[in-house]
There are 2 protein chains.
Amino acid sequence: MNSFTEENYLKAIYKLSLNGVQGVSTNAIAYKLATKPSSVTDMIKKLADKKLVSYQKYQGVNLTKKGRDVAVSIIRNHRLWEVFLVEKLNFKWDEVHDLAEELEHINTHKLTERLDEFLDFPKFDPHGDPIPDKDGYIVQHKDITLSDLKIGEKAVVVGVKEHSKSYLNYLEQQHLVLGAEIIIKDIVEFDATMQILVNNKHVIISNQASKNLIVKKN
Amino acid sequence: MNSFTEENYLKAIYKLSLNGVQGVSTNAIAYKLATKPSSVTDMIKKLADKKLVSYQKYQGVNLTKKGRDVAVSIIRNHRLWEVFLVEKLNFKWDEVHDLAEELEHINTHKLTERLDEFLDFPKFDPHGDPIPDKDGYIVQHKDITLSDLKIGEKAVVVGVKEHSKSYLNYLEQQHLVLGAEIIIKDIVEFDATMQILVNNKHVIISNQASKNLIVKKN
DNA sequence: TTATATTTTTAGACTAGTCTAAATTTTATT
DNA sequence: AATAAAATTTAGACTAGTCTAAAAATATAA
Ligand SMILES: [Mn+2]
Ligand SMILES: [Mn+2]
Ligand SMILES: [Mn+2]
Ligand SMILES: [Mn+2]
């Protein structure tokens, strides 16, 4: 089968492909995995040998069907475990990512499907990210962020684009959890800082923060 | 921290120490881990450098306090995950060991304690093996096996000494699950084959099988 | 108690994954 | 189109863990 390392490369390539990029660059992968471009080149060659990616020197890399299937299945595991940790073991949404990074590699079909069933087939993880179904089908978020809204508009929080502990923790303190209802009261022209109502409470939020919060208009 | 490999060596040494052996041999470890004695020697040196074992050339190896703590905590994880898989995800007792071998290495204090709580602090795993408490305290089974019993004696199944899929599967077919009540009806003198009543059903069981079944007399 | 068998260790080689430094290719800029 | 800059690949080295074959130490037996 595939090593943890190979799986992490496939996942990284998958995520980098989502921005519609054709041919994921060596540097981008290296940055995402906090490794060096030369290491990435070595690994790409191995993945190409295993028919998990297609690759021509200097031209970037693309997942094959086989490679995409592996990546999506890892992501499915990751997000199901995050649901488990939050729903069943009472972890907070800013605590689960690192654990899920390890659990995701226990990639056994039966375990995944039993877990899915135990959790009652959740559609989204604790950060609002969609969980691929068992056939690998996955709905991608439309990325409307809080920063796209105008004064007077209303919306609901449905996800985050940034998953760092500090960001998630900050959001929770501002009551900006999944499902929170928002009304835009004012926007500072200079730096796009927003004054909003979150479940009827006044909150001030920077552009840095608002552009990473995914919302659904209503 | 420690690698998966190091943890597996510590666990193997721990288990081999349980038979009261003073100084676990290189060959025994190699056999248990299905590796070569020369590999074991290399690893022992590394574990000794990390103060996880004490070791003198040719004299066998012993766990230090530190090494024992790691081993017991891995075993605690392993057994808690086995309980989870059986109790919550409806796996059978012959299906969980290999998955637990992987899950046990996600050795994060908070996860272990939350899982323990979620499972309502179980004392034994699905094979009757005792689960160490959070301070590493562990009760060892007294090894009274079915094969120790005489005609007419009564007992209850409390565990197994052999964990192979085929053995566990066979036991289940003979209704010899944890808690099953046994009465010894007859013993063949030649090969110690037993004729027993299991929850009032007649069962014939070989010595090979009966000497791996841990029971409590009553 | 010397010879033989067994166990354990050492020496040297191999794979996976990583790194630095240097070479090559592609892209951007004059 | 020539040159500079950036991205990518190659070359060679390193670590963790493993192996085979040979040497050394210990245990067993004549
Ligand atoms: Mn995550
Ligand atoms: Mn998530
Ligand atoms: Mn087990
Ligand atoms: Mn068990």
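To find a chain, count down the sequence lines: A is the first, B the second, and so on, and within it residues start at 1.
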Measure centre to centre between the rings of H127(B) and H97(B), then say whether the value is under 6.0 Å.
no
Distance below 4.0 Å between Y55(A) side-chain N/O and dT8(D) OP1 or OP2
no
Nearest heavy atom decides the nucleotide; on that basis, is V40(B) or E6(A) closer to the 5' end of DNA chain C?
V40(B)
What's the NZ-C1' distance between K45(B) and dA11(C), to the nearest Å?
10 Å
Between the protein and nucleotides 1-3 of chain C, list the N/O to N/O atom pairs that are separated by less than 3.5 angstrom.
none

Is any NZ, NE, NH1 or NH2 atom of the basic residue among E95(B) and K110(A) found under 4.0 Å from an Asp or Glu carboxylate oxygen of the other?
yes
List for me each residue that meets side chain to side chain donor-acceptor pair (under 3.5 Å) alongside T193(B), sequence neighbours excluded, and say none if there are none.
D191(B)
What residues form a side chain to side chain donor-acceptor pair (under 3.5 Å) with S73(B), not counting sequence neighbours?
N107(B)
Pairing of R76(B) and E113(B) as salt bridge, 4.0 angstrom limit
yes
Would you call K134(A) and D116(A) a salt bridge, taking side-chain N to carboxylate O under 4.0 Å as the test?
no
Please state how far atom CD1 in I44(B) lies from atom P in dA16(D), giving the value in whole angstrom units.
17 Å
Listed pairs, N/O of protein and of nucleotides 18-20 of chain D, under 3.5 Å:
{"from": "dT18(D)", "atom 1": "OP2", "to": "Y9(B)", "atom 2": "OH", "distance (Å)": "3.3"}
{"from": "dC19(D)", "atom 1": "OP2", "to": "T35(B)", "atom 2": "OG1", "distance (Å)": "2.6"}
{"from": "dC19(D)", "atom 1": "OP2", "to": "K36(B)", "atom 2": "N", "distance (Å)": "3.2"}
{"from": "dC19(D)", "atom 1": "OP2", "to": "S39(B)", "atom 2": "OG", "distance (Å)": "2.8"}
{"from": "dT20(D)", "atom 1": "O4", "to": "S38(B)", "atom 2": "OG", "distance (Å)": "3.0"}

By side chain to side chain donor-acceptor pair (under 3.5 Å), K50(A) pairs with (sequence neighbours left out) N2(A), E6(A)
Salt bridge (Lys or Arg N to Asp or Glu O under 4.0 Å) partners for E104(A), two or more places apart:
K11(A)
Between P on dA16(D) and CG on L47(B), what's the gap in Å once rounded to a whole number?
12 Å
In chain order, what residues pass the ring-ring contact (aromatic ring centres under 6.0 Å, His included) check against F124(A), with sequence neighbours excluded?
none
In 5'-to-3' order, the base (B), backbone-only (S) or no-contact (-) status of each nucleotide in nucleotides 22-29 of chain C, using a 4.0 angstrom heavy-atom cut-off, is --BSS---
Under the rule for side chain to side chain donor-acceptor pair (under 3.5 Å), what residues qualify as partners of K65(A), not counting sequence neighbours?
D69(A)
Set of residues satisfying ring-ring contact (aromatic ring centres under 6.0 Å, His included) with respect to F4(B), sequence neighbours excluded:
H105(B)
Tell me which donor-acceptor pairs under 3.5 Å the side chains of residues 21-44 of chain A have, and how far apart each pair is, sequence neighbours excluded?
{"from": "S25(A)", "atom 1": "OG", "to": "A28(A)", "atom 2": "N", "distance (Å)": "3.1"}
{"from": "T41(A)", "atom 1": "OG1", "to": "P37(A)", "atom 2": "O", "distance (Å)": "3.2"}

Do K88(B) and V83(B) come within less than 4.5 Å of each other through their side chains, counting heavy atoms only?
no
By a strict heavy-atom criterion of less than 4.0 Å, which residues belonging to residues 14-33 of chain A are in contact with DNA chain D?
S25(A), T26(A), N27(A)
